[in-house]
Number of protein chains: 2
Amino acid sequence: MSHAAIIDLRPMRAQRAVSDSCEIQSLRADQHDIVFYEGDAAGRYFKLIDGAMMLFRLLPDGRRQIVELLGPGDYFGLTLADEYQCTAEVLRPSRIAAYDRSACGEAGHFQQMLSEYLVGRHAAMHGHMVLLGRKSAMERIATFLAGLAGNVEEGEARIRLSMTRQEIADYLGLTIETVSRSFSDLRRRGVIAMERQDLILIADMSAITALTGDE
Amino acid sequence: MSHAAIIDLRPMRAQRAVSDSCEIQSLRADQHDIVFYEGDAAGRYFKLIDGAMMLFRLLPDGRRQIVELLGPGDYFGLTLADEYQCTAEVLRPSRIAAYDRSACGEAGHFQQMLSEYLVGRHAAMHGHMVLLGRKSAMERIATFLAGLAGNVEEGEARIRLSMTRQEIADYLGLTIETVSRSFSDLRRRGVIAMERQDLILIADMSAITALTGDE
DNA sequence: CGCACCTTTGATGCTAATCAATAAGGGTGG
DNA sequence: CCACCCTTATTGATTAGCATCAAAGGTGCG
């Protein structure tokens, strides 16, 4: 929770990119870098080109809820308010494109792309609200793993977690201990194997699917 | 959970509205009417002109999570998929505008409005995820009431609930009993008074605010 | 090698869910 | 208008699941 949180976004190239009407900068960022904090003035928005990030919000007493996980192609920092309403933190080495908010408002086909993107995220967030509001700890873990495994339906899948147990807990609305216990439980049952703390082999994908609470 | 669910959307006028490029129909609907079910073919999307609605999703075993509450001006049924991903139910007598999905895709300024709308909802959904993932039962109830009270900061506020206890529970990720107990608790403490089951007088707005867990 | 951080495991407690019964509304028809 | 019924809400007793508190075990890095 208490990262050094040094803002250390290194430009990939100094000059503006002319390829896109309102791209102003391309950046590289490492794990634990903060792109913006909740409350920062919201002058730009971003696209994650490559890597992984998370968006989270904090309650005054320090409780954290990760509200979105982002992968390549995802936008973030989109807000109509003057300030960002969440904090954006890098989970693993990433490339990020920054856009000027004011310059992009009018760009036509960009609007189109944007709303399509937002509609998609909308649905994903509905799914996550079901998880947070109605699923048991094990169902949350299984849903999380199934999501990371992507389209793999059956058999094995290998997953790289770029999140700590604490981050997973804050994403799933659980505690670190419950996350750990759930993993251990799955391991004992032979459903998964942990090749490393952050490298999970799903031995039985259909077992995971069956545990999600969906379908 | 098991409503008669008769789809009974009565057109307000038979012919198309020409005022808007892609509005195809204006409808009236009553409490418990279903505008669309999860899984229905998604040919249209909608705008709630007046009234109140909810969007919810069901898990196969019947657990329900209300993912959005809608008021006048809100859009719903926006999806890129072929099917709606949630069910839309009317909470109180409402007027609804229906739009043809395909016809609207290109309409320029509509895109703009749409993405602005979506960005706003995005933020609201983040807030609700914090509630579902990290807040106690009492904090959820207080946040819910504070939200309904709108901009009233201090003193009294009068709130009309157009939701049953079960619906409130499904929105807040709680059970009906916990919702009821929380209300009773607030009543005993003199923070609220129930003028009717669905009519709440918030006697002490600052007490509610203090209980939300925010700020 | 040793330190710092993260994870796992264990013991206990608490919150909210579940199970169960009573009470209160709200409509309807006599 | 009132009695009755059905739905919804409240309250109580108990339980279950997850959080919390505490300590030991891993892992990676300087």
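Residue numbers begin at 1 in each chain, while the letters A, B, ... track the order of the sequences.
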Sugar-phosphate, base or nothing in reach of [X], heavy atoms under 4.0 Å:
X      : value
B:T164 : sugar-phosphate
A:S184 : sugar-phosphate
A:R140 : nothing

Please pick, from C:dA16, D:dT10, C:dT7, the nucleotide with the shortest atom-to-atom distance to any side-chain atom of B:M194.
D:dT10
Does D:dC18 have OP1 or OP2 under 4.0 Å away from a side-chain N or O of A:T178?
no
Compare side-chain N and O positions of B:S180 against OP1 and OP2 of D:dT10 and report whether any pair is under 4.0 Å apart.
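For D:dT10, OP1 or OP2 has a side-chain N or O of B:S180 closer than 4.0 Å.
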Should the ring pair A:H128 and A:Y171 be called parallel, tilted or perpendicular, given that the plane angle runs from 0 to 90° and is split at 30 and 60?
parallel
Whole-Å distance separating the CD atom of A:E139 from the C1' atom of D:dG17:
12 Å
Nucleotides 23-28 of chain D: which of its N/O atoms have a protein N/O under 3.5 Å away?
none

Does this structure show an ion pair linking B:D74 with B:R121, if we count only N-O contacts that are shorter than 4.0 Å?
yes
For B:D30, is there an ion pair with B:R92 - N to carboxylate O distance below 4.0 angstrom?
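Between B:D30 and B:R92 there is no salt bridge, as every charged N stays at least 4.0 Å from the carboxylate O atoms.
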Could you list all N or O pairs between the protein and nucleotides 12-15 of chain D that sit under 3.5 Å apart?
unit_1: D:dG12; atom_1: N7; unit_2: B:R181; atom_2: NH1; d: 2.8
unit_1: D:dG12; atom_1: O6; unit_2: B:R181; atom_2: NH2; d: 3.1
unit_1: D:dA13; atom_1: N6; unit_2: B:R181; atom_2: NH2; d: 3.3

